[in-house]
Number of protein chains: 2
Amino acid sequence: MTAPLPKYDVFQAIADPTRRKLMELLSGEELSVTALSSHFPITRTAVSKHLRVLQEAGLVRERKAGRETRYSLQAAPLLELKRWLGFYEQYWDNKLAALQRLVESE
Amino acid sequence: MTAPLPKYDVFQAIADPTRRKLMELLSGEELSVTALSSHFPITRTAVSKHLRVLQEAGLVRERKAGRETRYSLQAAPLLELKRWLGFYEQYWDNKLAALQRLVESE
DNA sequence: TTGACATGAAACCAAAAGGTGTTATATACT
DNA sequence: AGTATATAACACCTTTTGGTTTCATGTCAA
């Protein structure tokens, strides 16, 4: 049995502005594809594809409710991003920047 | 005078694993294209293209040093990512998760 | 000055991404 | 039952992306 091996990771998923807006719309509220689509100039099908990308990255969960499918935000995978970002925090940190300036001025 | 209007933003720039590895290699050290290329199975030209994407996103700075071009990390644009991420922190927060579980168990 | 080295630029290519329209299917309404 | 709704599944198109090869240019070292 091979692992699911998701095609899209968090980094790729959030790269697209449409997908980021979808996440924003889904923060707090559970919404259907049609409801979400009304906020975009693109077709419902296109929105649906973006939702699948988000789902593969684990950022969204779908739930069948009668004839419609409701999507909700799952923020947990963003923790990976936070960890990644954490590594670079030292590089914009004020104290370190000051130290760097000091070293460079020698 | 039109704005520079960079083609790549931070979100897109970090979406590619090769570019993330480049950033990692450049953290702390200033390196040339050739030096960077030795860490990848792709051609030097391809690495050079990735570096341009990073540069357009402001994540990397280039400095001519004789016949070679040295690249260094510029972490500042990652602050935008941090701000974006900050908004979603509430959604994976332990307290909120606990509340959600409580509500769902009703 | 003659090579060797470091890089950028251009032309090109295949695959993936973002879209579209159409069709099929399940669910709800009357 | 029959119709309208919500969405998934296809098939298809176009642009972008990640990669290559080739060529031109500038720099260092003998």
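Sequence lines set the chain letters: A, B, ... in the order given, protein chains first and strands last, and positions in each chain run from 1. Values below: all heavy atoms of this structure, side chains included; hydrogens, waters and symmetry mates excluded.
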May I ask you to evaluate whether [X] reaches the phosphate of [N], defined as a side-chain N or O under 4.0 Å from OP1 or OP2?
{"X": "A:Thr34", "N": "D:dT5", "value": "no"}
{"X": "B:Ser32", "N": "C:dT7", "value": "yes"}
{"X": "A:Ser48", "N": "D:dA8", "value": "yes"}
{"X": "A:Arg19", "N": "C:dG18", "value": "yes"}
{"X": "B:His50", "N": "D:dG19", "value": "yes"}
{"X": "B:Tyr8", "N": "D:dT17", "value": "yes"}

Separation of [N] [atom2] from [X] [atom1] (nearest whole Å):
{"X": "B:Arg44", "N": "D:dA24", "atom1": "CZ", "atom2": "P", "result": "16 Å"}
{"X": "B:Arg52", "N": "D:dG19", "atom1": "CZ", "atom2": "P", "result": "14 Å"}
{"X": "B:Lys49", "N": "D:dT16", "atom1": "NZ", "atom2": "P", "result": "14 Å"}
{"X": "A:Leu54", "N": "C:dG18", "atom1": "CG", "atom2": "P", "result": "11 Å"}
{"X": "B:Gln55", "N": "C:dA9", "atom1": "CD", "atom2": "C1'", "result": "15 Å"}
{"X": "A:Arg63", "N": "D:dT7", "atom1": "CZ", "atom2": "C1'", "result": "16 Å"}
{"X": "A:Glu62", "N": "C:dA26", "atom1": "CD", "atom2": "P", "result": "16 Å"}
{"X": "A:Leu51", "N": "D:dA8", "atom1": "CG", "atom2": "P", "result": "8 Å"}

From CA spacing to verdict: side chain to side chain contact (heavy atoms under 4.5 Å, CB included), B:Lys21, B:Phe40:
CA-CA 9 Å; B:Lys21 191 172 173 185; B:Phe40 300 91; 3.6 Å; yes
Of the nucleotides D:dG26, D:dA8, D:dT20, which one has an atom closest to the side chain of B:Arg67?
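Looking only at heavy atoms from C-beta outward on B:Arg67, the closest nucleotide is D:dG26.
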Counting side-chain heavy atoms from C-beta on, which of D:dT7, C:dT20, D:dG19 comes nearest to A:Thr69?
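Selected nucleotide (nearest to the side chain): D:dT7.
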Mapping A:Thr45 and A:Glu68 onto DNA chain D by nearest heavy atom, which one lands closer to the 5' end?
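This one resolves to A:Glu68.
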By the definition side chain to side chain contact (heavy atoms under 4.5 Å, CB included), identify the one residue from A:Leu59, A:Thr69, A:Leu26 that meets it with A:Leu51.
A:Leu26
Most 5' of A:Gln12 and A:Thr43 on DNA chain C, judged by nearest nucleotide:
A:Gln12
Closest-nucleotide ordering on DNA chain C, the 5'-leading residue of A:Gly66 and A:Ile42
A:Ile42
Does the B:Arg19 side chain pair with the main chain of B:Ala13, one donor and one acceptor, at a distance under 3.5 Å?
yes
Test item: B:Arg44 side-chain N/O and B:Val33 main-chain N/O as donor-acceptor pair under 3.5 Å:
no
Quick one: do A:Arg70 and A:Glu68 make a salt bridge, cutoff under 4.0 Å?
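Salt bridge flag = yes for A:Glu68 with A:Arg70.
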Heavy atoms under 4.0 Å, any strand shown: does A:Tyr71 hit a base, just sugar-phosphate, or nothing?
sugar-phosphate
